[in-house]
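Inspection log for the structure reproduced underneath, given as structure tokens.
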Amino acid sequence: MNRPALKPAPVAAPLFDPAAETMPRAELAALQLARLKTTLRRAWDNVPHMRRRFEARGVTPDHLKTLADIRHFPFTGKADLRDNYPFGLFAVPREDVVRVHASSGTTGKPIVVGYTAGDIALWSDLMARSLVGAGATRHDIVHVAYGYGLFTGGLGAHYGAERLGAMVVPVSGGMTERQVTLMRDFGANVLCCTPSYALNIAEVAESSGIRRDALKLRVGVFGAEPWSEQMRAELERRLGLQAIDIYGLSEILGPGVACECTAQAGLHGWEDHFLFEIVDPKTLEPLPMGATGELVITTLTKEALPMVRYRTRDITRLIDEPCACGRSHVRIMRVTGRDDDMMIIRGVNVYPSQVESVLVGLPGVAPHYQIVLTRRHALDHMTVEVEVAPDVPQDDETLARVARDVQHRIKSTIGISCEIAARRPGEVPRSQGKAVRVKDQRHLGG
Ligand code: DLL
């Protein structure tokens, strides 16, 4: 892939927390076991709902003798949070909660999560650790364009960058032209935002005549939504940075549960604070290391909201091979999608990010897309709205040719038949935060 030469980090990037990040497996496992016991006890003693769930499974915290015994404990899901809205799962007195965040969700009540002062300190540390892994240093200027507010992205990145000692520019999302000007004028080195918003930023910079070299960006810390290797290459080329994948979710912490290092070979999951499992999403049985399934996370040190076996719905796999960086923690491979985002088109399972990996980098096509699902004759039907690149002719014939080409590529790579609606530049909506990749119109019938 056509990658630009990367600007070197101003100082060699050390680990943020060397003893914790390189802890040998046996020591890490012993630490996890001790912390897991404390977490189960905390949930049992302080959260009536959790105690009832444990009792229904016939377990008490004392049943956990080894890490593998976690399989006997009940799962937690979004419904548990929703049913106990807003503060019912908190394990500490309300007065000890210094911050809440919430995710809107698509239906019903939002999900509310809480943090003690200790939780905020932990989150800041893990975000700082993630940023250092990504190649950031305290000498950097960190432009935070994740949304601030109830979403965890903005404040999570903000506290982490401050903890690192970097200079933070708390811009939040939106007003993209101003963002680009500030990035250039301040000389931002690190950009934190969703990958889809980074693409929007790249486009606005180009159309404002701000060339890649006028920006001092070196590292992009991109996450909060699935994205593809092709999108990574596109962002690296257009913004002149190394694009790093960061993962997290509000229910567990926010951003900083796992993050890639500069080797870009999977996201180091911070195992001293979380226990990661992969389960079969249908049978819910634990799967062996390396197998693909649903990621399930137990918090090991969270105070306000300890989570036991939280079903993330995110599909991925873990690997525990040594990484070039020396960190010993397992790596969570790129999350391709959530099991509730999976579409089944004529019997073929497909995630939006697979469509993305076909579109991005295709000649004549811009990397903006949206998927529209409809139902025809009781079958799900997929239309992909793609945009032709600004440098190709915009006549109807060219649009039809691009559409045929994309349709053929999708058929031959993913194996599904879909319709393509080719749009002119600017017609596909741009992202301000988490991109809405799928417009589901199946309820409208047809
Ligand atoms: O998106 C936290 C976050 C903020 C992560 C900023 C990274 C950067 P939620 O809004 O609760 O929290 O959404 C969590 O987003 O379960 C995944 O489905 C998805 N997600 C998060 N990071 C990634 C990623 C934040 N790197 C949900 N790749 C998660 C794929 C991701 N999906």
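Atoms within a ligand are numbered from 1 in the order they appear, just like the ligands themselves. As a basis for the values below, the full set of heavy atoms in this structure was taken, side chains included, without hydrogen atoms, waters or symmetry mates.
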Under 4.0 Å, heavy atoms only, figure out whether ligand 1 is touched by the backbone of Leu249, its side chain, both or neither.
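The answer is both, backbone and side chain.
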Within reach of ligand 1, part of Ser103 (heavy-atom separation under 4.0 Å)
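Looking at Ser103 and ligand 1, no heavy atom falls under 4.0 Å.
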Per-atom contacts, ligand 1 versus [X] - under 4.0 Å to a heavy atom:
X      : result
Tyr146 : 6 (C), 8 (C)
Thr152 : 2 (C), 12 (O)
Gly153 : 4 (C), 6 (C)
Val335 : 30 (C)

Modelled atom types, side-chain donor and acceptor of His273 and Thr301, under 3.5 Å
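Note: His273 and Thr301 side chains meet the donor-acceptor criterion.
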When you check the side-chain N and O atoms of Tyr146 and Thr152, is any donor under 3.5 Å from an acceptor?
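Absent: no donor and acceptor within the cut-off.
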May I ask you to test the [X]-[Y] pair for a side-chain heavy-atom distance under 4.5 Å?
X      : Y      : result
Thr299 : Phe274 : yes
Val406 : Val384 : no
Ser353 : Trp227 : no

N/O donor-acceptor pair under 3.5 Å between Glu251 side chain and Val113 backbone
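A pair under 3.5 Å: no.
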Thr312 backbone acceptor or donor facing Arg338 side chain under 3.5 Å
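Pair found, side chain donor or acceptor close to backbone of Thr312.
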Starting from [atom], find the nearest protein heavy-atom neighbour and note its residue, name and distance.
atom                    : answer
atom 25 (C) of ligand 1 : Gly248 O, 3.6 Å
atom 7 (C) of ligand 1  : Ala224 N, 3.3 Å
atom 11 (O) of ligand 1 : Ser250 OG, 2.5 Å
atom 13 (O) of ligand 1 : Lys434 NZ, 2.9 Å
atom 28 (N) of ligand 1 : Glu225 O, 3.3 Å
atom 29 (C) of ligand 1 : Asp314 OD2, 3.3 Å

Between Tyr148 and His158 (judged by ring centroids, cut-off 6.0 Å), do the two rings come close enough to count as a pair?
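Distance test on ring centres: under 6.0 Å, yes.
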For the residue pair His268 and Trp270, categorise the inter-ring angle as parallel (less than 30°), tilted (30 to 60°) or perpendicular (more than 60°).
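His268 vs Trp270 ring planes: parallel.
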Below 3.5 angstrom, do we get any N/O pair linking Asp245 and ligand 1?
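Min N/O separation from ligand 1 is below 3.5 Å for Asp245.
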Examine Pro255 against ligand 1 and note whether any of their N/O atoms are separated by less than 3.5 Å.
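In fact, backbone or side chain, Pro255 has no N or O that close.
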